[in-house]
Amino acid sequence: MMKKKQKKEDKNSTKINMQKFHTESFENNSFQSSLKSYIDYIMPSGIDTLQPSYINIDGAYIAVLLCVDFPYETTKKGFLDELINYGEGVKVSLYHKPEDKLKMIKEITSALGFTKHKMQTGGDNQVDSGTQENAAESSVYMKSKLSKGDEFFYINLFVRIIAETPEGLEEKVRKVESKLTNIFYQRADFRQLEAFRSSLPLNLMDERMKKQTNKNILASGLCSFYPFTSSSLSDPNGMYIGDNEYDKNAIILDIFDTEKYPNANMIICGKSGIGKTFLTQMIAGRFRMQKIPTMLICPLKGHEYKPLCDNVGGNFIKYAPGEKNRINVMEIRPTKQVGVEKASYLGDKLQRLKLLLSLLIPDITTRELRLLDAPLKRTYEKKGITMENASLYEEIGSGNLINLRPRLKEMPILEELQAEVYEVPELKRIAEEIEPLITGSLSFFNGQTNVDLENLYTVSDISEVPKELIAFTMYAVLDVYWERIKMDRTQKKAIILDELWKLIGSAGNAQVAESVLELFKIIRGYGGAAIGTTQDIQDFMMLEEGKYGKGIINASSIKIILGLEELDAATITDVLKLTEAERTKVEKFKRGQGLLYAAQNHLVANFRAAKTEERLINTDREKLLKYAEEGRS
Ligand SMILES: Nc1ncnc2c1ncn2[C@@H]1O[C@H](COP(=O)(O)OP(=O)(O)OP(=O)(O)O)[C@@H](O)[C@H]1O
Ligand SMILES: [Mg+2]
C-alpha cells in the first residue's frame, strides 16, 4: 500500500518536472522571447528613486502622502471632494475592508478591559495616562455604536501627487496639504516607491504602508468619504452644454440651482475667435427655449446676434444713427412686484435721470444737478405726474372708454425736458449738451417707447453707438432691463453682456463699470442670472486696479475659461488660482473647448451646439459662406 502511494507521488513529480521543462524550454525559445506584450510598450524606461521625497518615472515627479489618522465623526460629508475634483495630477486611493462585527466587539471589550486595568494600577506617566484615557473613550464610543447597528471597517487612504517638475510638485503638494485639514498625514519620504505602488488601483498594498495607514472607522464615518462626486456635472433640471473631455459624459448645467450655486452668474473668458459669442448665444437660445426671459447687450459686433434673435421671434433693438427704435428714458414703469412699492416712483426716476445726465455730461457740477430738480419736476407736472404714486395713472373712467384697469398717463419725452431746462438760464449749457440726443441722428432715446420690452428674447445692439454716448446708452439700456428684472422675483431671467472688457476695461467708464458690478452682485436677489464674456483679460483687470474685473469674477459662481494667450492665461491663473496643468491646458484649448468651474466641479468641456443652432450662431466667415451657398442651391 505504502509503496503504491510512493510510486504515485513519484509519477506526479515527474509530471510536474516535465511541465516545468516544457515551460522553460518554451520561454527559452528565442522566437517567443522576441514577441512583445503590451507591457513592454507601456513600461517606463526607468524609475528614479534616488530622492527621498519623490520618485521620477519618465519625467513625471510623484510624491505620495499617507493619511495616518482622521477624526471619527467630525469629518464633513464629501470632505474628499475637493481633492478628488482637484483636476489633473492629484489622485486619491482609498482601501476599505469590512470586519466581522461580533469579533470586533469582543476584541474592543478585551482591549478596553486591559486599558482600564492599566489605568487603575497606575504607574504610568502623565502622557501615557492621557493616551489611555483617549483609547478607552474611543473604545467605549465604538462599542456603543457597533451595538446600535453600526459596522466596523479598516481604511487606508493615499494621496498621489504628480507634476512635471520638482518645483511644480512641491507647489502642488503644498496646495493639497492645505486641503487636508482634519487629517493627520505624512509624506512617504524614503518609502515613496512602496507608497506609490500601494496607491495604484491594483489592490497591492505594501505591508508596511498598510500598518502605518490602517485606521479603524465605523460605517457612519466612512460615509463621509463617499460618494466620490466625480468631475462630471449633471444638474437635475439643467441644460446640455457639451461633453466632459475626460469621460465624454454629457454636461448638464442648471445655473439657477440655488442649492448648488450661490448665484446664477457666469463669466466666460477667451481670446478672440475662440468661441465666446458662440457659447453665449447657445446658452441664450436655450434659455429662450425654456421660456426664461433673456436680455442681451452687445457693445461689439451686435449683428452676430441677429439671426438667432430673428429665428426665435426675438426683439433686436439696434441703437445706431438713423434707427427708428425708441426707448423713452423719461418713462416711469412702476414695477408690478406684489407688496413692494416705491415711496415715490417719480422721486426714484429723478435720481436715475440725474445720473444718466451726468454720464452724458461728465463735468456736470453739483449745483447744476441741484438746479435740474425744478425743470425735471415741471416736465412731469405738465403731464399731471407728481411725487404721489397715484398720479401716474389716468383716473378710472376717464377717456372715451371706461377703464377697468388703471392706465398709465402719457409720459414726457426728452425734448420736453430740454425745453424746460432752456427756461433756466444757468442751465443753458446742459440743454445744449442734450441736443445731440434730441435732433441729431442719435435720437433713439427721444420719443415714446416703440419697441416691445416684454419679448422673451431681447438683443440691444449698442455696437454702433458713438464712443461719447456709450456710457449713457449702456446705462439707459440697463435701466430698462433692471425694471424688468425687478418685476417678479420668483421668475428666472438672464441678462447677458458680451465683450464686457469694453465696458469695464481701461477704456470704460467707472460709473458704468460700477453699475455692471452691481448687476452681478444683486441680480441673484431678483432670481436673475448675469452672464458676461471678456476677451482681453489684462484690460478687464485694468480699471481701478482690477476692482471691477475681479469683483465680477468673484461674483460669478460659474466660470468658463476658453483658450487664452500666454499673458492672459497667467493673469487668470493668478486670479482663479488655476493649477499649472490647468494653465497649460488653457493655453492649448481649441475652439469650443474650455475649463468649466461650477461650484466644486472643475472640468474640461467641449461645448456643443445642435446643427440648427450652429447655423444660426456661427460667426465664421467660411461657414457662413457655405450655409449661404447651401441655401441658394
Ligand atoms: N463650441 C463650438 N462649436 C463649434 N464651433 C465653434 C464653437 N466655438 C466656436 N466655434 C467656431 O468659432 C467661431 C468663432 O467663435 P466666436 O465668434 O464665438 O468667437 P469669440 O470668442 O466671440 O471671438 P471675438 O472675441 O472675436 O468676438 C464660431 O463662429 C464657430 O465657427
Ligand atoms: Mg465674440
Side-chain angles (χ1 to χ4, degrees), residues 233 239-245 248-253 266-287 294 296-309 311 316 318 459-464 495-508 531-541 549 558-565 567-569 571-572 585-596 603-631:
L233 187 64
M239 65 161 83
Y240 167 80
I241 56 163
D243 305 327
N244 185 346
E245 164 76 8
K248 308 293 174 221
N249 279 338
I251 300 173
I252 318 259
L253 180 68
M266 184 191 281
I267 180 88
I268 302 169
C269 334
K271 62 185 169 193
S272 176
I274 200 75
K276 299 179 297 295
T277 304
F278 191 94
L279 178 59
T280 316
Q281 288 209 72
M282 196 177 94
I283 294 173
R286 292 176 191 183
F287 278 155
T294 308
L296 300 102
I297 301 182
C298 315
L300 268 180
K301 297 185 283 183
H303 60 270
E304 290 179 350
Y305 283 82
K306 193 149 191 330
L308 176 65
C309 181
N311 186 274
F316 191 86
K318 186 167 176 175
V459 180
S460 290
D461 174 7
I462 60 170
S463 54
E464 285 179 37
I495 178 157
I496 300 178
L497 298 121
D498 199 5
E499 308 286 6
L500 259 182
W501 61 279
K502 188 129 199 311
L503 302 170
I504 67 154
S506 58
I531 300 176
T533 81
T534 189
Q535 171 193 125
D536 193 329
I537 310 288
Q538 305 278 323
D539 198 37
F540 189 61
M541 298 293 175
I558 291 139
K559 301 165 183 85
I560 294 179
I561 301 118
L562 304 169
L564 283 172
E565 298 295 356
L567 265 180
D568 281 333
T571 313
I572 210 79
K585 273 196 190 124
V586 162
E587 286 173 18
K588 290 184 185 152
F589 279 146
K590 296 195 283 275
R591 276 176 159 183
Q593 248 189 347
L595 200 63
L596 171 67
L603 41 96
V604 175
N606 289 305
F607 300 104
R608 297 203 192 285
K611 277 225 163 63
T612 35
E613 280 176 322
E614 205 179 317
R615 277 177 166 264
L616 294 166
I617 61 182
N618 227 300
T619 60
D620 189 83
R621 194 189 59 82
E622 279 182 19
K623 283 197 178 149
L624 288 175
L625 200 68
K626 192 174 139 233
Y627 298 150
E629 275 164 10
E630 281 171 10

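This chain uses plain numbering: 1 for the first residue, then up along the sequence. Each ligand, and each atom within it, is numbered from 1 in the order the structure gives.
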Exercise for the section: Report the C-alpha distance between Ile560 and Leu595 in whole Å, list the side-chain angles of each, state the deciding distance to 0.1 Å, and finish with yes or no for side chain to side chain contact (heavy atoms under 4.5 Å, CB included). Expected result: CA-CA 6 Å; Ile560 294 179; Leu595 200 63; over 6 Å; no
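- For Arg608 and Asp243, the salt-bridge test passes: some basic side-chain N is under 4.0 Å from an acidic carboxylate O.
- The shortest N or O to N or O distance between Ile617 and ligand 1 is not below 3.5 Å.
- Considering only non-hydrogen protein atoms, atom 31 (O) of ligand 1 sits nearest to Asn618 OD1, 2.4 Å.
- A donor-acceptor pair under 3.5 Å is formed between the side chain of Asp568 and the backbone N or O of Gln538.
- Of all atoms in ligand 1, numbered sequentially from 1 with element shown, those under 4.0 Å from a heavy atom of Gln535 are 25 (O).
- By the 3.5 Å distance cut-off applied to N or O atoms, Glu614 is not counted among the residues near ligand 1.
- None of Asp498, Ile496, Thr294 except one satisfies the side chain to side chain contact (heavy atoms under 4.5 Å, CB included) rule with Ile531; the exception is Ile496.
- Around the Mg ion (ligand 2), protein N, O or S atoms at less than 2.8 Å comprise Thr277 OG1.
- The shortest N or O to N or O distance between Gly273 and ligand 1 is below 3.5 Å.
- Of the charged side-chain nitrogens involved, none lies within less than 4.0 Å of a carboxylate oxygen, so that Lys611 and Glu614 do not count as a salt-bridged pair.
- Across Phe540 and Trp501, no two heavy atoms sit closer than the pair CD1-CA, 4.1 Å.
- Minimum interatomic distance between Gly302 and Ser463 (heavy atoms only, all atoms of both residues): N-OG, 3.4 Å.
- Shortest contact from atom 22 (O) of ligand 1 to any protein heavy atom: Thr277 OG1, 2.7 Å.
- For Gln281 (side chain) and Phe278 (main-chain N/O), no donor-acceptor pair under 3.5 Å exists by modelled atom type.
- For ligand 1, one of its N or O atoms has an N or O atom of Ser272 under 3.5 Å away.
- Side-chain N or O atoms of Gln535 include none that pairs as donor or acceptor with a backbone N or O of Lys276 at under 3.5 Å.
- For atom 1 (N) of ligand 1, the nearest protein heavy atom (residue, atom name, distance) is Phe607 O, 2.8 Å.
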Handout entry: Residues Thr533, Thr277; criterion side chain to side chain contact (heavy atoms under 4.5 Å, CB included); working and verdict
Key = CA-CA 8 Å; Thr533 81; Thr277 304; 5.9 Å; no
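- Within the set Lys276, Gln281, Glu613, the minimum heavy-atom distance to atom 25 (O) of ligand 1 is found for Lys276.
- Closest protein heavy atom to atom 17 (O) of ligand 1: Thr619 OG1, 2.6 Å.
- Of all the heavy atoms of Lys301, the ones lying under 4.0 Å from any atom of ligand 1 belong exclusively to the side chain.
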Exercise for the section: Would you please test Glu245 and Gln593 for side chain to side chain contact (heavy atoms under 4.5 Å, CB included) and show each step? Expected result: CA-CA 9 Å; Glu245 164 76 8; Gln593 248 189 347; 3.5 Å; yes
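- Nearest non-hydrogen protein atom to atom 19 (O) of ligand 1 is Gly275 N, 3.1 Å.
- The distance from atom CD1 of Ile561 to atom CD1 of Ile274, rounded to the nearest 0.5 Å, is 13.0 Å.
- Residues Cys298 and Val459 share a closest heavy-atom pair of SG-CG1, 3.8 Å.
- Glu499 pairs with exactly one of Thr280, Asp536, Leu300 by the side chain to side chain contact (heavy atoms under 4.5 Å, CB included) rule, that one being Leu300.
- Scanning the protein heavy atoms around atom 3 (N) of ligand 1, the nearest turns out to be Phe278 CE2, 3.4 Å.
- Every atom of ligand 1 is numbered from 1 in the order shown, and the set under 4.0 Å from a heavy atom of Lys271 is 21 (O).
- Residue contacts with ligand 1: Arg608 is placed with no nitrogen or oxygen under 3.5 Å of a nitrogen or oxygen of the ligand (distance criterion only).
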Exercise for the section: Given side chain to side chain contact (heavy atoms under 4.5 Å, CB included), test Leu279 with Ile268 step by step and report yes or no. Expected result: CA-CA 9 Å; Leu279 178 59; Ile268 302 169; 4.0 Å; yes
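- In the vicinity of Arg591, heavy-atom distances shorter than 4.0 Å reach the ligand 1 atoms 11 (C), 12 (O), 13 (C), 14 (C).
- Every atom of ligand 1 is numbered from 1 in the order shown, and the set under 4.0 Å from a heavy atom of Glu499 is 24 (P), 25 (O), 27 (O).
- Against a heavy-atom cut-off of under 4.0 Å, Gly592 is close to the following atoms of ligand 1: 1 (N), 2 (C), 7 (C), 8 (N).
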